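Notes for the one structure printed next.
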Amino acid sequence: MAIVAQLPCDNNDVCMKCKVTPPSEECLTCVTCATLWHVECLSCPPQSLASTAQWKCPDCSGEIDLAPVTGSDESGLVAAIHAIEADQSLTESEKAKKRQELLSGKGTDDDEKTNGDNENFKCGICFGDLSKPVSTPCGHNFCLDCFNGWVKKNKYTCGTCRTKFAQTVANNIRINLTLVSAIRLSTLPERASAAPPQIQHYIRNEDRPDEAYRTDRAKKTGDANAASGRIFVTTAPDHMGPITAEYDPERNRGVLVGDWWKGRQKCRQWGAHFPLVPGIAGQSKYGAQSVVLAAGYKDDVDNGDYILYTGSGGRDLSGNKRTCKVQSWDQTFTKSNAALQLSCRMGYPVRVIRSHKKKNAYAPEKGVRYDGIYRIEKCWRSIGEQGVFKMCRYLFVRCDNEPAPWTSDAHGDLPRPLPHIPELKNAVDLYEREESPSWDFDEAEGRWKWVKAPSASVKRVHDMHPKERKMRKKSAEADKKKLLKGLHIGPQI
DNA sequence: GGGCCCGCAGGG
DNA sequence: CCCTGCGGGCCC
């Protein structure tokens with residue numbers, strides 16, 4: 001049975017159903033969400049003039065069919081998550097649990113907590129049900145009309161907690177569409193909550209559960225088919241070097257050498273290595289942040305303090321039938337290989353993760369482990385294991401202040417001496433550091449540290465909507481150019 | 001233990 | 001928007 005969705009007018013006051021711009025007398029404004037609706041296109045227009053003043057649109061009144069709300073950025077799921085966040089009767093861990101239950105599709109027994117009588121859906125001024133809800137920076141909610149009446153009397157304090165806010169806040173106050181969605185959800189009939197949650201493709205980092213979860217598209221179980229859980233650290237995705245306590249607001253501890261996780265998902269969530277499958281995290285024009293040593297390339301040599309690492313390309317995941325398992329073309333210094341090359345030339349620090357799949361004396365027994373900071377001293381191309389194709393090769397040397405998690409290599413020289421590498425004789429495209437290293441050993445302080453940090457991060461936060469990210473990318477690039485011009489530092493080659 | 005398949009995230 | 005990519009559960 002096809003259900004014809006009821007649609008409001010768009011931002012240009014054009015009815016999204018009949019595509020005409022109706023005159024204002026043929027329009028109704030919803031008392032809850034303040035959207036404009038074309039009366040002729042409503043399936044149940046209000047019967048009396050009096051009822052138009054308190055008219056609620058089909059979305060807000062709950063009379064609508066249970067088809068997903070169209071024309072809204074917020075799905076029911078996201079609204080429900082926000083409703084959980086807003087519930088002050090819950091502790092942080094209870095909220096996290098509820099988020100996870102919601103995302104895994106499990107219902108809870110006390111779902112009615114988010115129902116109509118929820119105090120968070122009452123206006124702090126008139127104490128009635130919120131109509132056109134707005135929110136102050138301190139997190140309290142009011143009807144738009146009540147709020148405007150309040151600030152008209154030059155009261156720039158919150159009506160609930162008396163926290164002061166700037167006059168500009170009052171001038172720029174907007175209807176809280178998230179709250180509108182939450183109110184809509186709470187007023188839906190009970191069968192609505194029994195309907196499968198409408199999973200939205202993009203979920204902000206703060207709204208993600210602590211554990212990896214399966215989206216509605218995942219047909220198989222397990223982390224391999226799961227979406228990422230919340231990122232716990234505040235480092236930008238392209239943050240280089242150690243993750244110190246300042247980036248770890250939850251534990252105030254940071255990620256320490258020897259930290260171990262069961263799988264790549266948790267390793268990502270703690271910021272050690274972001275990509276879930278690829279072994280190299282990096283951007284060709286910025287540098288590399290981290291690498292994973294797992295199985296995959298037989299040419300790899302792991303000697304603990306130094307590593308001969310192979311770049312990516314020309315091959316794919318072992319056991320993935322989409323592509324061939326053997327090397328079938330030359331690797332080049334492009335993409336993530338170029339990122340490692342750039343880090344080599346600039347002397348940037350790279351985080352190294354060891355996986356148990358690379359079975360040797362330095363690997364963890366299971367899972368993945370953060371083994372500290374390394375620097376790429378040389379990179380070159382040489383003929384790989386099959387004797388045919390050129391592979392990108394990198395010499396990693398450990399330069400971390402913390403002792404390594406393994407004990408088999410006892411020498412304590414700092415900085416580590418470079419090993420002799422016979423294959424360098426046959427290397428093509430040899431690259432060595434061109435600048436004095438950005439991450440170097442300070443003899444006076446007796447530790448490794450930044451001498452010259454790379455230029456400003458390209459990406460700033462994890463929880464950015466893809467659209468927003470695209471917008472910001474342009475301005476960030478412009479900022480970066482300016483910064484580079486001013487400071488004469490950064491990854492320019 | 002190897003092959004298969006799925007699907008996420010992100011670079012370009 | 002396309003395609004890659006050193007995961008990982010499960011089946012044989």
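Note on naming: letters A, B, ... go to the chains in the order of the sequence lines (proteins, then strands), and numbering restarts at 1 for each one. Keep in mind that what you see is a predicted model, and the values were worked out from it rather than measured.
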Report task. Run the salt-bridge test on A:Arg375 and A:Asp440 with the 4.0 Å N-O cut-off and return the result as yes or no. Result -> yes
Query raised in the report: Taking the side chain of A:Tyr309 as heavy atoms from C-beta outward, which of B:dC6, C:dC10, C:dC6 is closest to it?
Result: C:dC6
Requested in this report: Can you figure out which of C:dG5, B:dA9, B:dG7 approaches the side chain of A:Pro278 most closely?
Outcome: C:dG5
Query raised in the report: Taking the side chain of A:Arg268 as heavy atoms from C-beta outward, which of B:dG10, B:dG12, C:dG8 is closest to it?
Result: B:dG10
Query raised in the report: Can you find a side chain N or O atom of A:Arg208 that sits less than 4.0 Å from OP1 or OP2 on B:dA9?
Result: yes
Query raised in the report: For B:dC8, does either OP1 or OP2 sit under 4.0 Å from a side-chain N or O belonging to A:Arg217?
Result: yes
Query raised in the report: Does a salt bridge link A:Asp305 with A:Arg416, judged by any charged N lying under 4.0 Å from a carboxylate O?
Result: yes
Query raised in the report: Quick one: the side chain of A:Asp300 and the base of C:dC6, do they pair up donor-acceptor inside 3.5 Å?
Result: yes
Query raised in the report: Is the shortest side-chain N to carboxylate O distance from A:Glu211 to A:Arg230 below 4.0 Å?
Result: no
Query - Among C:dG8, C:dC10, C:dG5, the nucleotide that comes nearest once only the side chain of A:Arg264 is considered - result: C:dG8
Query - side-chain N/O A:Ser312 vs C:dC6 OP1/OP2, d < 4.0 Å - result: no
Query raised in the report: To the nearest 0.5 Å, what is the distance between CH2 (A:Trp439) and CD1 (A:Ile373)?
Result: 5.5 Å
Report summary line: Pairing string of DNA chain C (Watson-Crick or G-U wobble, both atom distances under 3.5 Å; | = paired to other strand) is |||||.||||||
